[in-house]
Visitor: 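My questions will all concern the structure given below.
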2 protein chains.
Amino acid sequence: MATGRTHRPATRSRGIPEATVARLPLYLRALTALSERSVPTVSSEELAAAAGVNSAKLRKDFSYLGSYGTRGVGYDVEYLVYQISRELGLTQDWPVVIVGIGNLGAALANYGGFASRGFRVAALIDADPAMAGKPVAGMPVQHTDDLEKIITDNGVSIGVIATPAGAAQQVCDRLVAAGVTSILNFAPTVLSVPDGVDVRKVDLSIELQILAFHEQRKAGEEGSGDGTAAPAAAQEHRKGPDGDVPAVMPA
Amino acid sequence: MATGRTHRPATRSRGIPEATVARLPLYLRALTALSERSVPTVSSEELAAAAGVNSAKLRKDFSYLGSYGTRGVGYDVEYLVYQISRELGLTQDWPVVIVGIGNLGAALANYGGFASRGFRVAALIDADPAMAGKPVAGMPVQHTDDLEKIITDNGVSIGVIATPAGAAQQVCDRLVAAGVTSILNFAPTVLSVPDGVDVRKVDLSIELQILAFHEQRKAGEEGSGDGTAAPAAAQEHRKGPDGDVPAVMPA
DNA sequence: GAATGTGAATGCTTTCACAGCA
DNA sequence: TGCTGTGAAAGCATTCACATTC
C-alpha cells in the first residue's frame, strides 16, 4: 500500500462530504472483520450488505477517496482498510482523556473499541477526591485539579465528557483552554465552544425519544395497509444505516 | 423512508421530516429547562440559542407540528412542551428492557434521563447466571432465560442492547420474536431485523473516529489561512448542533 | 413594532443507470 | 462478462426573506 500518500493528484477535491465521513467508520469495521477472516477482495455489493448500506452509496462514498477498486473484481480488503484508516487519521495515535468517571465514564474506560482503532486512553479524570487513585480499567483515576497538566503532558487533543450536565460546560472550558480541540459530549447539555473546536454529542435519552416517536406512529397505524410483520432477517437494504444526525459543529 | 405505506390521508400532512423529529428532543429539553425556571414565553431566537440551532430551522420545524406560536410574541413554553411531548409519544409510558448489564448496561440503568421523559426501565437482563438477582440501580438483574416472559408480561416494545457484539444479533432476534419493535443498539454490529422494526445505533468508537478525521484535518491545515485558534467562547452560532447521524432504519 | 409561518432559493445526499475498464 | 466509477436526476434539508398577524 503505497508509502503514505500514494498519489495525491493535487487536484482531488479536498472535502469529503460529511455524510460520507460518518460512514467511513462503518466500512472500516466491516472491512476489518473481512480482513480477520483473510478475505482478499470484496465487491461493493457484499461490503455494502455487511456495513448495512446500499452499494450505490458505498461506491459513491469511495469515489470521494479515490479509485481504489478494480472493475470486474472489487476492492482489495487490506488496501482499503489502510486507505480508510489513513483518511480518518487512524494511522496515528490519539491520546484521549475521559472526564467524569461515574458509571458511564467507567464503561467508556473499559470499552475495547477505542484501543483497537488508534485511540489510547491517556487519563481518567474525576472531580471527586474520593475517586482519586482508585483504579478503573487498570488505570488510576486522577483529580480534576491536574486536568491542565495532564492535557499538556500527554498532548491530548480529544476529550470525552461524561460528567453530570451541570459540570459539563465548566469542564469543557477547561479542556479547551488547555488545548483540546475535539470533544465528545455525553452530558445532556449544549456546549459552547470557540471556533475551531469540534463537538459531537451522544444523548441516550434523545435516541430513545426518536424511537418512541416511530413506535407511537406504528401503534397508531396498526393494520393500515402493508402492516404485516415481515419474515425476519430482511436485512438486505434497510434505509441506510445512517440517518445521520449526530452533531458535528465546526463550532 | 416510509415503509411501504402509501399516502397519508386526512388532516395535517402527516409526515414530519426525520431531521425535524431528531431535533424535537433537543427543543423539549431546552423548553423543560425554561419551564422549570417558570419562563412563560420564548421567542424562536431565544429557544434556538438554547437548543443550539438557528431560529429559521426551529421555526420551520415547528411549522410541521402546527401553528403553536403567536406573532409578535413567541411561543408559550408550557403549551409547546405539551405539544412536542405528545408528538414524540412521551405522554404515554414506555416500558424498556436493557439487555447486557456490563459497565454500559449499568450506566444506562442508572441514567436519569430515561425516567424523566416517559421511559421506565421494566427489567435488566443478563446472560451471566452470576449476575442474576444482583441489584443494579435498585433492581434485580434477571436471567436471559426469562427474556420472552419479561417482554410479554410487561408489554415491552422497546429494547436496549448493551451486550458484547457477538451476542447482539441473537439477543435482537429473541427480542423481536417476543414482540419488541424498536431497538437501541450499543453493540458494534449491524443488526438484521424484519420490516417494521426500527433500530437506532450508538457507536462510541464511530463518534471518536469522526472527531479524529476533523482533528487530523485541522493539524494538516495549521497556519493555512484563518487557522489561528479563536479566542474562546465564541459560542454564538455554531454550526448547528446536529449533524445528525445516528441510524434510523425502518428496517 | 415584533416575531411567527412559509413559499422560494439554495445546498446536500441519495439514487439511478450506464459508460468504461479489467 | 462483471463490477467499478460517475454524470445526471431526484429527493431532502437548510436558509432566505418577507408577507402576515398580534
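We name chains A, B, ... by the order of the sequence lines, and we start the count at 1 in each one.
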Visitor: Quick one: is D:dT15 close enough that its OP1 or OP2 comes under 4.0 Å of any side-chain N or O from B:Asn54?
Guide: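 Result: yes.
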
Visitor: Could you tell me how far apart A:Lys57 (NZ) and C:dC12 (P) are, to the nearest whole angstrom?
Guide: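 Nearest whole value for this atom pair: 18 Å.
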
Visitor: For B:Tyr79, what residues pass the ring-ring contact (aromatic ring centres under 6.0 Å, His included) criterion, not counting sequence neighbours?
Guide: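 So B:Tyr79 forms a ring-ring contact (aromatic ring centres under 6.0 Å, His included) with B:Tyr68.
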
Visitor: In residues 71-81 of chain B, what residues come within less than 4.0 Å of DNA chain C, judged by heavy atoms?
Guide: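 Nucleic-acid contacts, sorted: B:Arg71, B:Gly72, B:Val73, B:Gly74, B:Tyr75.
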
Visitor: Under 4.0 Å between a Lys/Arg side-chain N and an Asp/Glu carboxylate O for A:Arg59 and A:Glu45?
Guide: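 No, this pair does not count.
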
Visitor: Rounded to whole angstrom units, what separation is found between the CD atom of B:Glu18 and the P atom of C:dT14?
Guide: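 That distance rounds to 13 Å.
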
Visitor: Answer yes or no: does a side-chain N or O of A:Ser44 lie under 4.0 Å from OP1 or OP2 of D:dT4?
Guide: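 A:Ser44 to D:dT4 OP1/OP2: side-chain N or O found under 4.0 Å.
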
Visitor: Checking B:Thr20 now: which residues fulfil side-chain hydrogen bond (donor to acceptor under 3.5 Å, both in side chains) with it, not counting sequence neighbours?
Guide: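 B:Asp61.
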
Visitor: Which residues satisfy the ring-ring contact (aromatic ring centres under 6.0 Å, His included) test with A:Phe62, sequence neighbours excluded?
Guide: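 Checked A:Phe62 against ring-ring contact (aromatic ring centres under 6.0 Å, His included); matches are A:Tyr27, A:Tyr75.
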
Visitor: Mind checking what makes side-chain hydrogen bond (donor to acceptor under 3.5 Å, both in side chains) contact with B:Gln92, not counting sequence neighbours?
Guide: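 So B:Gln92 forms no side-chain hydrogen bond (donor to acceptor under 3.5 Å, both in side chains) with any residue.
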
Visitor: Starting at atom CZ of A:Arg59, determine the distance to atom P of C:dA19, rounded to an integer number of angstrom.
Guide: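 It works out to 15 Å between those atoms.
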
Visitor: Mind jotting down which residue pairs meet the ring pair (Phe, Tyr, Trp, His ring centres under 6.0 Å) criterion with at least one end in residues 186-213 of chain B? Sequence neighbours excluded, please.
Guide: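 Passing the test, one end in residues 186-213 of chain B: no pairs.
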
